[in-house]
Every structure is written in structure tokens, then in C-alpha cells.
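Below is one structure, written out as C-alpha cells, with a few remarks after it.
Within every chain, numbering begins at 1; the chains are lettered A, B, ... in the order of the sequence lines, protein sequences first and strands thereafter. Being a predicted model, the structure only gives us computed values, none of them experimental.
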2 protein chains.
Amino acid sequence: MVGKGSGSAGDVWLRPPARAAREAPPLSRDRIVEEAVALLDEEGADRLTMRRLAERLGTGSTTLYWHLKTKDDVLDLALDAIFAAVEIPGDNGGHWRAAVTALISGWRAVLLEHPWSAALLGRPMLGPNVLARSEFLYATLVKAGVVEPHLTAAAYGLSNYVIGSALMQATWTARGRQAAAQTAREQFQAKSDRYPVLAAHGPLVADGDWDTSFTIGLDWLLDGIQAGTATGEE
Amino acid sequence: MVGKGSGSAGDVWLRPPARAAREAPPLSRDRIVEEAVALLDEEGADRLTMRRLAERLGTGSTTLYWHLKTKDDVLDLALDAIFAAVEIPGDNGGHWRAAVTALISGWRAVLLEHPWSAALLGRPMLGPNVLARSEFLYATLVKAGVVEPHLTAAAYGLSNYVIGSALMQATWTARGRQAAAQTAREQFQAKSDRYPVLAAHGPLVADGDWDTSFTIGLDWLLDGIQAGTATGEE
DNA sequence: CCGGTGACTGGAACGTTGGTCCGGAGAACT
DNA sequence: AGTTCTCCGGACCAACGTTCCAGTCACCGG
């Protein structure tokens, strides 16, 4: 038995390699967040553990607390990080409607690419990426001639709609949930006496109908916004 | 020292009172869920613990597992339970728009009365209360003459909109968050060079403007739905 | 070349959580 | 009286987020 008394300054072979000799770049907030996003993408929200995250980074779990205060920090940072992928449209020749559609669609795409994000939407989103895109949305609407109280209603309405849509879709298409959705659909058929309309026009759309429904609803909102502008033109 | 050897059949005084002689009604799923809702209302989602819940019910924590399989069950049941308070409108003389507005507004009111519910919206809602109200929504839209693909788009659009709205509002008005919202607003002013439009037309509405914005957006959606019906009349 | 300082790291440990095991008490039905 | 079913809870477990503190490294002024 190797004596425990040999202490931490024991054999060279047992000590970790010198810092400079390590392969991975040094730890940093960005690297932690990047790995957290990867971990969330691969394994889902409930598998994100400080220990697991640290293990993937090749460090001890407690080390993370030098760079971050709590696990919530990781989640907040990861949530904002993914929105960097939402392209901010350029000036489409003043076609505000196209610009807004592009932004909202991109927003939705990101949320669906990272389904774990849906469960995190209940926390304040004040990261730089989110704010920059909110800024663009507001600016585009203002330039289109939308004024209060329609301005706030439009910005919030669009955000709320995309958030709700992504949340709902992520809920029903999450890994391992398809089976549940199938079961649910069968339940409707079985209890068709109690839920006749649901059984007939089954919700829980099966395939890519999500996209169609989303686009239709988005256009309704945009129509309403457009009708409220001074000119009403595109 | 009272001998540990006296065993569980020791002094009467140490034994719990006979089951029939107890004050509280016997445990049941319904009673557990009811208490869970109360606990969530009073202390929020993160304070809901199986142990705390059991304590409030005057039982041991492990007992709960006789009536429920997991903690998720409690959450699912609690979430569905609160929707019993959403009144299903009667037949408003065929005014489908008034009926839908009433249902969606009631839905929103319940979500805001129980702010913890917003964080739970990411789970499948298949409880009887939710299904009954979905059934009513679908039926009302069908009767109004809405047909596919507008039917699914309308039902989902309305649901997603109300869910997103409640989630967002609950996020920013949660207990102890007002201070954060105030700080955020000041941040916009401070960084007004980076977020000029946000600083000017500050989002994060302060007061009851939530209601106004919600109603405007809801009307936009309803206008769009109405325009798609065969008759277009109310 | 040295000694110290501040940036980082991680093993051990704490308190709490969701959940299981199992031994039992009470009532109900033979 | 005995058996069975329903219900209860103490002891226990693995895992979690987080803190403590003893370190190790890179660098910097003498």
C-alpha cells in the first residue's frame, strides 16, 4: 500500500504534469461557457453538472468557482452565448417586415437548435447578445413608424410569440419525447368521447407543420403591426 | 437514558396517535397536490422540496412516494391543478371572438397568479384541466369556421402567445426581481451609446402596461384569425 | 538568483436533495 | 384468529452545489 503519509509532494509520476506542459489551453470563462453549451447540446439540461462540466474541461469541479460564482452564472452565460448565432439582418432596403421576419426566424432557429434553452427562458435575459438583438428589433420597428403603445406591444408580442412557440415545440420534440407524443395522440383517440374535437383535428402536429403554423401566426402579428403604422406601407 | 432497546413498541406516549384519532384527513394525492400549490404560491418553485411538502402535511417525506412516483409528478399535477380556475366560457351567442378572448385572458390570469408556473411550462401539459380547455379552444375555432392550416396555427399561436407573455412577465415581476428590473433599466441609460433605442423607448415596462401590450397583441392575432375565416364575420 | 506575491487549482468535506429499502401498524375481509 | 392489503416512516444512498483551505504555478522587484 502506498503510504498516505507520503503526502502531496510524493512521486513525480503521481503529480499532475506541469501547467505549461498540458495540452489544453488554460481555463477561462469563455472556455467554460463554450464547453457548457456543448455539454447541454449533447446531453440535455439535467445532465449539466459542475462536476461533469469540470471533467470535460479536464479540471476539478471546484476550480470552476474561481471563474464563476454559481451554476446559474453558467446557465445565464450559456443562454446568451447561443444567441450570437442569430444574424442581425442588414438594411434590406427599408423592408422592415423582411428584416423582422429574418430576425425572429433566426431567433426561433437558435432556440430549436439548442432545445435545452427553452427550459431556461424563465430567467432574465440581459446578456449582450440578447440586448443587441432587442435593440435591432426596437430600432427596426421605430424606423417603420410604429409608435406607442403599439411599439411595446409589437416588440413584446413578437418576442413572446417566438419564445412560446419554441418552448412548445421543444417540449414535444425533445429527445425521447416523441414516444410520449405518440402515446398522447393515441390517448386522444381513446378518449374521443371526452375530447372529440382534439381527437378529430389532432393537435400535437406530427412533422414539419410546426414551421407552417409558426409562419402563419407570425404573419398575423406582422399584419397587425403594419396596419398600425402611419403609412401602412411596407 | 431511554433504552434504545425498548423498540418501536415502547411507551404509548412516544408512539404516534392511532390513525383514526388524528386530526388531519388521511393523505391523498389531491391533498398533496393542494398543499404543493400552496407551498409553491407562498415560497416559490425552488423551495418546493419533498421533505418540506411532507412536513407541511404532517407526515414523513417518504410517505409521499406511496401516492406519487416522483417529484415531477407533483409538479405536473400542481401545474394542471391551477388551470381548474380558468373558467370555460359559455355560449356567448356565437361570439367566438369574445369566448376566445375570455379563455385566453383567464389562462393568462392564472399563470400570473401562480408565477412559479411559468418555469414549469416546458413540460408536456396533458392534464385533464388543460385538455378540457384546449378542447374548448379548438371547438370554438372550428365553429367559427377556421380551417386548416389556419386552425392549428390559430390554436398554437394563441397558446404560444399567452405562454410567452406570461413567462416574460413572470420573469420580470417575480418576487425580488423588481430591484433587478430597476437596475437593468438604469443599465440601459448608462450604456445608451450601445443601446440607444432601448434606452429611449425603454422596454421592461414598469407598471400595468403589461396588460395593454398583451391585449393589443392578442387582438392582432384575432384579427388575423378572423380574416381567414370563410365569412370573416364575428 | 532569490524570495515573495497574486493568480489559479483541486482534494476533502458539508449540508441538502430526490429516491429506495424494508419493517411495521392499522383496518378489512375471511 | 389469521391473512392480506393499504398506508406510514426511519435509516440509508448517491449525487448535487458550494465552501474551505492547502497548495502550485508564473511572474516581478531586488
Side-chain angles (χ1 to χ4, degrees), chain A residues 2 4-12 14-32 35-36 39-40 43-78, chain B residues 2 4-32 35-36 39-40 43-78 123:
Chain A
V2 176
K4 158 207 271 184
S6 70
S8 51
D11 275 335
V12 212
L14 301 180
R15 264 181 283 142
R19 206 173 300 195
R22 256 183 309 180
E23 54 320 317
L27 217 46
S28 73
R29 236 161 109 120
D30 286 348
R31 231 166 71 72
I32 295 177
E35 195 65 40
L39 172 53
L40 287 165
E43 311 196 32
D46 41 339
R47 304 281 310 231
L48 175 65
T49 295
M50 296 304 268
R51 286 176 232 264
R52 291 177 72 81
L53 180 55
E55 193 185 354
R56 285 180 66 126
L57 288 162
T59 75
S61 64
T62 64
T63 300
L64 301 179
Y65 287 93
W66 179 261
H67 302 272
L68 303 153
K69 231 172 138 248
T70 65
K71 180 184 180 182
D72 273 354
D73 285 7
V74 180
L75 295 175
D76 284 331
L77 290 169
Chain B
V2 176
K4 160 208 270 186
S6 69
S8 51
D11 275 334
V12 210
W13 316 112
L14 300 180
R15 265 181 283 143
R19 206 174 299 194
R22 256 183 311 181
E23 54 318 318
L27 217 47
S28 73
R29 238 161 109 120
D30 286 348
R31 232 166 71 73
I32 294 176
E35 196 66 40
L39 172 52
L40 286 165
E43 311 195 33
D46 41 339
R47 304 281 310 231
L48 176 65
T49 295
M50 295 304 268
R51 286 177 232 266
R52 291 177 73 80
L53 181 55
E55 194 183 355
R56 283 179 65 127
L57 288 162
T59 74
S61 65
T62 63
T63 300
L64 301 179
Y65 287 95
W66 176 260
H67 302 272
L68 303 152
K69 227 167 144 270
T70 67
K71 180 183 181 182
D72 274 354
D73 284 7
V74 180
L75 295 175
D76 284 331
L77 290 169
R123 56 185 63 226

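Atoms CZ and CG, from R29(A) and D73(A) in turn, are 6.5 Å apart once rounded to the nearest 0.5 Å. Here the CE-CG distance, from M50(B) to L68(B), works out to 6.0 Å after rounding to the nearest 0.5 Å. Atom CG in L40(B) sits 9.5 Å away from atom CG in D46(B) (nearest 0.5 Å). Atom CG of L64(A) sits about 11.5 Å away from atom OG1 of T70(A), to the nearest 0.5 Å. Atom CG of L57(B) is separated from atom CD1 of I32(B) by 6.5 Å, given to the nearest 0.5 angstrom. Residue R51(A) holds its CZ atom at 9.5 Å from OG1 of T62(A), rounded to the nearest 0.5 Å.
Rounded to whole angstrom, the span from the CG atom of L68(A) across to the C1' atom of dT19(D) amounts to 15 Å. As rounded to whole Å, 14 Å separates atom C1' of dT19(D) from atom CG of L64(A). Nucleotide dG17(D) holds its C1' atom 17 Å from the CD atom of E55(A), rounded to whole Å.
A distance-only check finds no donor-acceptor pair linking the side chain of T49(A) to the backbone of R52(A) [under 3.5 Å].
Between L48(A) and L75(A) the shortest side-chain heavy-atom distance falls below 4.5 Å.
Between W66(B) and dC8(D), a side-chain N or O to OP1/OP2 separation shorter than 4.0 Å is absent. For dC8(D), neither phosphate oxygen OP1 nor OP2 lies less than 4.0 angstrom from any side-chain nitrogen or oxygen of T59(B). Residue H67(B) places at least one side-chain N or O closer than 4.0 Å to OP1 or OP2 of dC8(D).
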Let me have a per-nucleotide readout for nucleotides 12-22 of chain C, 5' to 3', with B, S or -, counting only protein heavy atoms under 4.0 Å. BB---BBBB--

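Within the helix from dC1(C)-dG30(D) to dT30(C)-dA1(D), the inter-axis angle between the opening and closing five-pair segments is 10°, rounded to 10°.
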